[in-house]
Amino acid sequence: MSLFVKKFGGTSLATLDHIKRVAEKIIKARDQGDDVVVVVSAMGHETDRLATLAKEIGANDSNLHREVDVLLSTGEQVTTALLTMTLIKMGCQAKSYTGGQVSITTNTVHTKARILDINVDKLQADIAKGTIAVVAGFQGVDENQNITTIGRGGSDTTAAALASVLGADECQIYTDVEGVFTTDPRVVEGARCLSRNTFEEMLELASLGSRVLHSRAVEIASKYKVPIRVLSTFSDAEGTLITNEDNETMEKPIISGIAFTRDEAKLTVLGVPDIPGVAAQILGPVSDANVEVDMIVQNVAADKSTDFTFTVRREDYDAAMKILNKVANDVGAREVSGDNKIAKLSLVGVGMRSHAGVASKMFQVLFDESINIQMISTSEIKISVVVAEKYIELAVRALHSAFDLDKD
Ligand code: ADP
Ligand code: ASP
Ligand code: MG
């Protein structure tokens, strides 16, 4: 008998008919003799709808973030109840839980909280009784019982965390595509579904924008050695298995996938004096405001002044710009400029470790399409470039073909 944590995403729960189909999948697994704990996301685009309402009130202000979490967490509470009622109607023992009710304890960074601890007592008692626990993803409570959420797309992470503390055999992420593809199959028709992937490559793909998995889910599953399987709610295909091992005996392709994100913005402080401490002075207040900085580039000009450019998530652009306008004054910089219509594209593959020339081929392909590269960053197994947002799909398609990732 195996224990599976099964997480269902928004599209899989969009209507009552979808919820019924999900219930049938769960019952099928249980009838095969397996134990199941379920994690749900909110129905369809419900979290987007709630986030838009909050934005209309001006909830970007951090003093409202506690209330934003109270609002955003309601989406998952609805689906736990609807799915549990459906399971009971279909003859199962089932019980719904909010994050707080199963003691998913997080820190207090509202809207971006991190899971600290989970008490598995209730879930283990349910498993022992044959009751299917249906847990709300994406949410927890801090030590003072304030409701928190753990970042958009975070119900994958709830599932991976539960699978880890329960010692599950697999964490199964059910979604609206057949598995992890070489790139987003909605953008490149010829994208290929991977049968296996390693945690290492998946972590890069997820952190660089492949929405199909939340990067912290991969981090947790890798740390606790729980295999993740990404598979479709709408078919019986095996999906993509993500583990530590790289079982393929044949030589792997140099590039295993292309990730991209439109969710980017860049800010530049121009004419900064080239003296020690300036980078800390610029980025300190940005990080104090909980704005994550991604790529950073600094150039020293002949007159010994520097231009300092960095990227942030697009939703943090206004907050970062406000901070920079103040900081620029303090450090004696000439001016601040920004662009929130950029996108980032990354080639990922462990094969890059042993193959030179990937970067030059990438730059040539982008040049052939007349796409200007605004920023570049590399690590051992990835190369990322920033381009104007309007060229992102063209760039992904061109690189997908050039690196032989298209389906045969
Ligand atoms: P869910 O609501 O099930 O969590 P998401 O929308 O978060 O679903 O993630 C699934 C989507 O991720 C797919 O519909 C697909 O468009 C997108 N996606 C991006 N990159 C990839 C990739 N490499 N492989 C598969 N899907 C991807
Ligand atoms: N419902 C949340 C969101 O849309 C969490 C998730 O889907 O994973 O971000
Ligand atoms: Mg998701």
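Counting starts at 1 for both ligands and their atoms, following the listed order.
In summary, Glu46 and Arg49 engage in a salt bridge, as defined by a charged side-chain N under 4.0 Å from a carboxylate O.
Of the listed residues (Ile296, Leu267, Val269), just one forms a side chain to side chain contact (heavy atoms under 4.5 Å, CB included) with Ile282, and that residue is Val269. Between His110 and the options Val68, Thr149, Asn146, a side chain to side chain contact (heavy atoms under 4.5 Å, CB included) holds for only Asn146.
Assignment of Pro185 to the shell around ligand 1 is supported, since a heavy atom sits closer than 4.0 Å. Within the 4.0 Å heavy-atom cutoff, His214 does not count among the residues contacting ligand 1.
Sorted by chain and number, the residues within 4.0 Å of ligand 2 by heavy atom are Ser41, Ala42, Thr47, Glu76, Phe138, Arg152, Gly153, Gly154, Ser155.
Atom CG of Asn144 has more than 12 heavy atoms from other residues, nucleotides or ligands within 6.0 Å.
The shortest heavy-atom contact between Gln139 and Ile104 is O-CG2, 3.9 Å. Shown here for Val226 and Phe199, the closest heavy-atom pair between the two residues is O-CZ, 3.3 Å.
For residues 120-179, the set of pairs meeting the ring pair (Phe, Tyr, Trp, His ring centres under 6.0 Å) definition, not counting sequence neighbours, comprises Phe8-Tyr174.
Taking distance alone, with nitrogen or oxygen atoms compared against 3.5 Å, Ser12 stays at or beyond that limit from ligand 1. Backbone and side-chain nitrogen or oxygen atoms of Gly10 are examined, and one is located within less than 3.5 angstrom of a nitrogen or oxygen of ligand 1.
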